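Following: one structure in structure tokens, then a few remarks.
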Amino acid sequence: MTESVTVDAPAKVNLFLRVLGRRADGYHELETVFQAVALGDRLVLTLTPSGIDLVVDGPDLGAPERNLAVRAARAFFDASDQPVGVRIELTKRIPAGAGLGGGSSDAAAVLRGLSALVPGGPGPEALERIGAALGSDVPFFLGASPLAIGRGRGELLESLEPLEERAAVLVLPPVHVATGVAYTALDEQRDTGIGPADTERRLPGAAPSGWEDVAARAHNDFETVVPMRYPEVSRALAALSATGGRPTLLSGSGAACFSLFSEPEAAQRAAEDLSDTLRWPVVATHTLLRLPTPTIRAAR
Ligand code: C5P
């Protein structure tokens, strides 16, 4: 009997993001704190005799062969004893290219789902290597905790004890920030010597002791370049900040911005107000206490 697996693929936000410097391989060394949130995509994987098929319910994501979920399946089968095929049904809710890790989370969900379905697949360490090769954020979504420090290019993880659930409001300004371009802008700014000095940037240091500590140390280096280039991002940050959410940050290199709230009702009110005033997509969600696990069921 063919089996299917359903995997939820959560989005992430960065509670802290410091870009340390350019490496010889073109990537940047960074220190970040990832937090998974409930907003997520859903993938249903069904084994087939051969090939990789992708069916997307949601916005057009472009050519399937460039899709990270498809590339993850291909990498998984390349590393398997008995390569078969898979049909991937992807319900897309995380906006693409927003700094929320949607593509990376989909890729991790495929790797986790196929591991649950296919005997003789790559082991945990091989899976981590495959994940890191697919994208810098993939290892976080393969990890053990919804809260983790990422170092290296983001793939070297230190899992942290999850903090209690916080309500989160995400604002999605209608602009696309290409990650590579944002890193280049940061390099250019630093090369000119304009902008914050290295010594002024704060470290994530030890694991955050609680949400107050997170709010006190919240920081994202991309806020020195992205809002000034994209006025919509600047407006989103100002509007979120005015609702009283703490911290208010850009996620990754953007364009999504978010605030956290201790009271779910306050978050709901803020989401409604922001949606009315900005007229951009606004999502009320919450932080996760654990990363979702695949659910196997007999195929239809
Ligand atoms: O690894 P990922 O595909 O997410 O990265 C997209 C682009 O962002 C890279 O091609 C690189 O230009 C830039 N990047 C970087 N340093 C990182 C992560 C990404 O320069 N740590």
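This structure is a prediction, so every number in the text was calculated from the model and none was measured. As the structure lists them, so they are numbered: ligands from 1, and atoms in each ligand from 1.
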Check: Which ligand 1 atoms does H28 reach within 4.0 Å, using its non-hydrogen atoms?
Finding: 15 (C), 16 (N), 17 (C), 20 (O), 21 (N)
Notebook entry, point to check: Can R246 be said to sit on top of W211's aromatic six-ring, NZ or CZ under 6.0 Å from centre and within 45° of the ring axis?
Noted result: no
Check: Do the rings of H219 and F16 sit parallel, tilted or perpendicular, given the 30° and 60° boundaries?
Finding: tilted
Next item on the list: Look only at interatomic distance and state if T179 has a nitrogen or oxygen under 3.5 Å from any nitrogen or oxygen of ligand 1.
Entry: no
Checklist line | Side chain, backbone, both or neither: the part of Y27 lying under 4.0 Å from ligand 1 by heavy atom | finding: both
Next item on the list: Answer yes or no: is there an ion pair linking K92 with D57, defined by an N-O contact shorter than 4.0 Å?
Entry: no
Notebook entry, point to check: Any side-chain heavy-atom pair from L157 and L142 closer than 4.5 angstrom?
Noted result: no
Item checked: Atoms in ligand 1 flagged as close to L30, the criterion being non-hydrogen separation under 4.0 Å -> 21 (N)
Checklist line | Residues R269 and D273 bridged, charged N to O under 4.0 Å | finding: no
Check: Of the protein's non-hydrogen atoms, which lies at the shortest distance from atom 3 (O) of ligand 1, and what is that distance?
Finding: G135 CA, 4.4 Å
Checklist line | Numbered atoms and elements of ligand 1 in range of R153, under 4.0 angstrom, heavy atoms | finding: 1 (O), 21 (N)
Note to self: Any donor-acceptor pair under 3.5 Å linking the side-chain atoms of S259 with those of T248?
What the structure shows: yes
Check: So do the side chains of L100 and P95 get within less than 4.5 Å of each other, counting heavy atoms only?
Finding: yes
Item checked: Which residue and heavy atom of the protein sit nearest atom 14 (N) of ligand 1, plus the separation -> Y183 CE1, 3.3 Å
Item checked: Closest to atom 12 (O) of ligand 1 among G180, A182, S136 (heavy-atom distance) -> G180
Next item on the list: Go through ligand 1 atom by atom and flag the ones less than 4.0 Å from a non-hydrogen atom of G26.
Entry: 20 (O)
